[in-house]
Protein chains: 2
Amino acid sequence: MEKILNALAETKRMDIIKLLREGPLTVGEIADKLELRQPQVSKHLRVLNEAGFVEVQPAANRRIYKLRTEPLQELDEWLDQFRHTWEDRFERLDDYLIELQEKEKED
Amino acid sequence: MEKILNALAETKRMDIIKLLREGPLTVGEIADKLELRQPQVSKHLRVLNEAGFVEVQPAANRRIYKLRTEPLQELDEWLDQFRHTWEDRFERLDDYLIELQEKEKED
DNA sequence: ACGGAATATTCCGTTAGGAGTATATTTGAT
DNA sequence: ATCAAATATACTCCTAACGGAATATTCCGT
């Protein structure tokens with residue numbers, strides 16, 4: 001999960017992901033469309049690959065990168081644990097303040 | 001969105017978020033429970049705050065930090081654009097390979 | 001007003017990561 | 001076998017960010 005978030009938390013990599021939503025692309029094409037240098041693209045693709053965001057298909061000279069959505073699904077599942085929270089969360093802050101005062105008295 | 005992801009993509013901050021799920025806590029309590037030094041906790045809370053993940057309630061000497069789920073909701077909404085993709089995505093890779101060969105012939 | 005506790009901020013050293021350039025590697029074409 | 005194109009890797013530089021220690025700040029109790 002940390003790897004996934006780290007991969008996403010970088011503008012250029014996020015751009016690549018957005019771009020690959022429209023379909024697979026070669027390294028050179030990505031570099032052209034995003035106006036990045038080829039080495040940077042390769043490096044970012046490496047990170048994305050290690051986080052599971054892309055898969056590679058060699059085609060002769062080139063390598064075609066295709067988006068994988070599994071990491072995003074994982075992120076979605078991770079969010080599950082919070083979904084109930086942003087729906088029926090009751091205000092615990094007031095309770096906590098009282099609890100804190102109780103502790104004070106004990107000392 | 002970048003701020004949100006950046007805030008999440010850090011182990012300690014993620015730990016703080018997990019911890020705050022159980023309820024609001026003071027800085028000192030967070031430091032104790034996670035075995036972190038107080039200044040680091042304050043710094044991480046600063047980042048979390050700027051990303052909208054926490055709100056603060058001063059109580060005398062202390063400051064009680066409470067989790068906000070809005071950024072997570074934002075993340076959830078951002079994921080929407082991919083949800084259809086990981087359901088009914090058709091294989092475009094083969095098509096692309098053919099398309100690539102067409103381009104070759106043109107040159 | 002003073003002192004202590006809780007927290008925020010600052011300064012510093014160290015490290016991780018991104019960008020640029022050059023180079024290695026692979027592949028197809030001739 | 002050689003060459004050019006596409007890509008990956010290595011090296012260097014530079015900046016951002018984390019961690020630690022010290023200090024500033026705020027607040028309450030006395």
Side-chain angles (χ1 to χ4, degrees), chain A residues 2-17 19-20 24-51 53-66 96-97 99-101 103-107, chain B residues 2-17 19-20 24-51 54-66 96-97 99-107:
Chain A
E2 191 184 348
K3 226 173 199 171
I4 292 174
L5 289 168
N6 183 52
L8 279 177
E10 188 54 68
T11 315
K12 309 291 175 57
R13 286 196 290 266
M14 177 65 90
D15 290 344
I16 293 177
I17 289 179
L19 184 58
L20 288 181
L25 291 174
T26 68
V27 178
E29 288 171 327
I30 296 172
D32 283 349
K33 299 206 178 195
L34 298 182
E35 296 186 345
L36 300 174
R37 321 244 169 183
Q38 173 267 317
Q40 318 307 331
V41 174
S42 285
K43 288 178 205 171
H44 285 312
L45 285 170
R46 190 173 201 262
V47 176
L48 288 173
N49 187 38
E50 284 170 358
F53 274 106
V54 294
E55 60 185 277
V56 200
Q57 164 109 13
N61 230 359
R62 320 179 180 179
R63 312 190 106 217
I64 302 172
Y65 282 84
K66 180 190 166 193
Y96 185 78
L97 284 170
E99 185 188 338
L100 204 66
Q101 291 170 1
K103 285 178 187 168
E104 302 289 296
K105 292 172 188 167
E106 290 172 10
D107 297 334
Chain B
E2 191 183 350
K3 228 172 198 172
I4 292 175
L5 289 168
N6 184 51
L8 280 177
E10 188 52 69
T11 315
K12 309 293 177 53
R13 285 195 291 265
M14 177 65 88
D15 290 344
I16 293 177
I17 289 179
L19 184 59
L20 287 181
L25 290 175
T26 68
V27 177
E29 288 170 327
I30 296 172
D32 283 349
K33 299 206 178 198
L34 298 183
E35 295 186 345
L36 299 173
R37 322 243 170 184
Q38 174 266 318
Q40 318 307 331
V41 174
S42 285
K43 288 178 203 173
H44 285 311
L45 285 170
R46 189 173 203 259
V47 177
L48 288 173
N49 187 37
E50 285 170 357
V54 294
E55 60 186 277
V56 200
Q57 164 108 16
N61 230 358
R62 321 180 180 178
R63 312 191 107 217
I64 303 172
Y65 281 84
K66 180 190 166 190
Y96 185 78
L97 284 171
E99 186 190 336
L100 204 67
Q101 290 171 2
E102 303 293 329
K103 284 178 186 168
E104 303 290 296
K105 291 172 187 167
E106 290 172 10
D107 295 334

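Below, read A as the first sequence line, B as the second, and so on, with proteins coming before strands; counting in each chain starts at 1. No experiment lies behind these values; they were computed from the predicted model shown.
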Show the numbers, then the answer: is there a side-chain contact (heavy atoms from CB on, under 4.5 Å) between L48(B) and I16(B)? CA-CA 9 Å; L48(B) 288 173; I16(B) 293 177; 3.8 Å; yes
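Taking the 5' to 3' direction, DNA chain D first and last meets chain B under 4.0 angstrom from a heavy atom at dC18(D) to dC28(D).
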Residues 6-15 of chain A side chain polar contacts: donor-acceptor under 3.5 Å, at least two apart:
| from | atom 1 | to | atom 2 | distance (Å) |
| --- | --- | --- | --- | --- |
| T11(A) | OG1 | E2(B) | OE1 | 3.4 |
| T11(A) | OG1 | E2(B) | OE2 | 3.0 |
| R13(A) | NE | A7(A) | O | 2.9 |
| R13(A) | NH1 | H44(A) | ND1 | 3.3 |
| R13(A) | NH2 | N6(A) | O | 3.2 |

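No donor-acceptor pair closer than 3.5 Å links the side chain of Q40(A) to the backbone N or O of R37(A).
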Report, as a single string ordered 5' to 3', how protein heavy atoms within less than 4.0 Å touch nucleotides 25-30 of chain C: B base, S sugar-phosphate only, - not at all. -BBS--
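Note that the CG atom of N49(A) and the CZ atom of R63(A) stand 8.5 Å from one another [nearest 0.5 Å].
By the side-chain contact (heavy atoms from CB on, under 4.5 Å) test, R46(B) is found to be paired with E50(B), residues two or more places apart in sequence or in another chain being considered. In this structure, the side chain to side chain donor-acceptor pair (under 3.5 Å) partners of Q38(A), at least two apart in sequence or on a different chain, are S42(A).
Residues L20(A) and Y65(A) come closest through the heavy atom pair CD2-O, 3.6 Å. Considering every non-hydrogen atom in both L45(B) and V54(B), the closest pair reads O-CG2, 3.9 Å.
dA21(D): Watson-Crick or G-U partner is dT10(C), with both key distances under 3.5 Å.
Looking at L34(B) and V41(B), their side chains never come closer than 4.5 Å, going by heavy atoms from C-beta outward.
For residues 36-46 of chain A, proximity to DNA chain C is found at R37(A), P39(A), Q40(A), K43(A), H44(A), defined as any non-hydrogen atom under 4.0 angstrom from a strand atom. Within residues 3-16 of chain B, no residue places a heavy atom under 4.0 Å from DNA chain C.
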